[in-house]
Amino acid sequence: MALTPTKFIWFNGEFVPWEEAKVHVLTHTLHYGMGVFEGIRCYKTERGPAVFRLKDHIERLHNSARMVGMKIPYGIEELIEAVKETIRRNQIEECYIRPIAFYGYGVMGLNPAGAPVNVAIVVWPWGTYLGEEGLKRGVRVKISPWRRIHPLILPPQAKVVANYANSILAKVDALSSGYDEAILLNLDGKIAEGPGENVFMVKDGVLCTPPVSSGALIGITRDSIIRIARDEGIPFEERELTVDDLLGADEAFFTGTAAEVTPIREVDGKPIGAGVRGPITERLQRIYFDTVRGRNSKYLEWLDFVS
Ligand code: PPE
């Protein structure tokens, strides 16, 4: 997706002009993929820009780093403030936020010891991830020939840069086969998640999503949807799901910061339910958008107002 630059990038505690936030070609993470990142959204609300679940995202960034032995030289509170300041400096009302911690220039070879841990926070306007049309009508997905990384190989619960090589293979394969998105199965053939989204389905009024043990990231949107569904009295189960379960579902959808709540209307060319956005999906989607845009007073604690 093409980028729309903003003015300033927070880079190791300083604001630098967008064009000047550069790294050396011997940046360790560029070669070996060991880095951690987050994806966060800030929405325009009546009370000004608000970041959705900012603390949860920054905590997950720190957890991801801890899981792979990387030491982020900035604390949680410091990074929360840095994100808000980056939004203020760029005078932007609605944006995607990408904090990344990576090993910089200084050593080569696999051992990152001695390489500086660099942190950057970038914000830019980012529209719908799977298209405006996708939000309304749903997307067409392909079950990927690539399996989700197994926890014995790389940690799926951490947002590690290297994990996304797996996601890119699945995404590009799905797009080149004429689909909008992929779903990856784990090594046991159970549904894990999308390349950058968690998966939900509805069967006979029951909302289901695979457990983290199936290889899914503990999505913050996933968690928000589970909480909203519970509050709405929608029965919910976390259980292992097969492709067969999904094909037999009445409704299915993706969740993610970038993807928000996107209905899935087709899997491997077969319609899910009526092949349109289902009623429970639509209801959860509506509540989610009202929540992130500050129109739902019930979940105000999830919003971090910037100004
Ligand atoms: N699984 C994966 C693998 C994943 O990357 C994401 C977020 C999710 C699930 C959903 O998690 P959450 O955002 O906390 O609800 N993917 C990010 C990156 C997307 C990208 O293309 O870059 C995102 O949505 O920001």
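Just follow the structure's listing: the first ligand is 1, and inside any ligand the first atom is 1. Worth knowing before you read on, the calculation uses all heavy atoms, side chains too, and leaves out hydrogens, waters and symmetry mates.
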Under 3.5 Å, N/O to N/O: give me all the pairs between ligand 1 and the protein, one per line with atom names and distance.
from	atom 1	to	atom 2	distance (Å)
ligand 1	1 (N)	Glu193	OE1	2.5
ligand 1	5 (O)	Lys159	NZ	3.1
ligand 1	5 (O)	Tyr164	OH	2.5
ligand 1	13 (O)	Thr257	N	2.9
ligand 1	13 (O)	Thr257	OG1	2.6
ligand 1	14 (O)	Arg60	NH1	2.8
ligand 1	14 (O)	Arg60	NH2	3.0
ligand 1	14 (O)	Ile220	N	2.7
ligand 1	15 (O)	Ile220	N	3.3
ligand 1	15 (O)	Thr221	N	2.9
ligand 1	15 (O)	Thr221	OG1	2.5
ligand 1	16 (N)	Lys159	NZ	3.2
ligand 1	16 (N)	Gly196	O	3.3
ligand 1	21 (O)	Tyr129	OH	2.5
ligand 1	22 (O)	Arg98	NH2	3.1
ligand 1	24 (O)	Thr257	N	3.4
ligand 1	24 (O)	Ala258	N	2.9
ligand 1	25 (O)	Tyr96	OH	2.5

Using the rule given for salt bridge (charged side-chain N to carboxylate O under 4.0 Å, His left out), can you reason through Lys203 versus Asp245, listing the C-alpha separation, both sets of side-chain angles and the distance that settles it, and then say yes or no? CA-CA 9 Å; Lys203 180 66 178 175; Asp245 291 327; over 6 Å; no
Arg88, CZ atom: more than 12 neighbouring heavy atoms under 6.0 Å: yes
Centres of the Tyr164 and Phe37 rings: under 6.0 Å? yes
Does some side-chain heavy atom of Ile97 sit less than 4.5 Å from a side-chain heavy atom of His57? no
For Tyr299, the other hydrophobic cluster members (4.5 Å side-chain criterion, sorted by chain and number) are Tyr43, Phe52, Leu135, Phe200, Val202, Leu207, Ile225, Ile226, Ile228, Ile234, Phe236, Phe253, Val261, Ile280, Leu284, Ile287, Tyr288, Phe289, Val292, Leu300, Trp302, Leu303, Phe305
Counting distance only, does the side-chain N/O of Arg41 pair as donor-acceptor with the main-chain N or O of Trp126 below 3.5 Å? yes
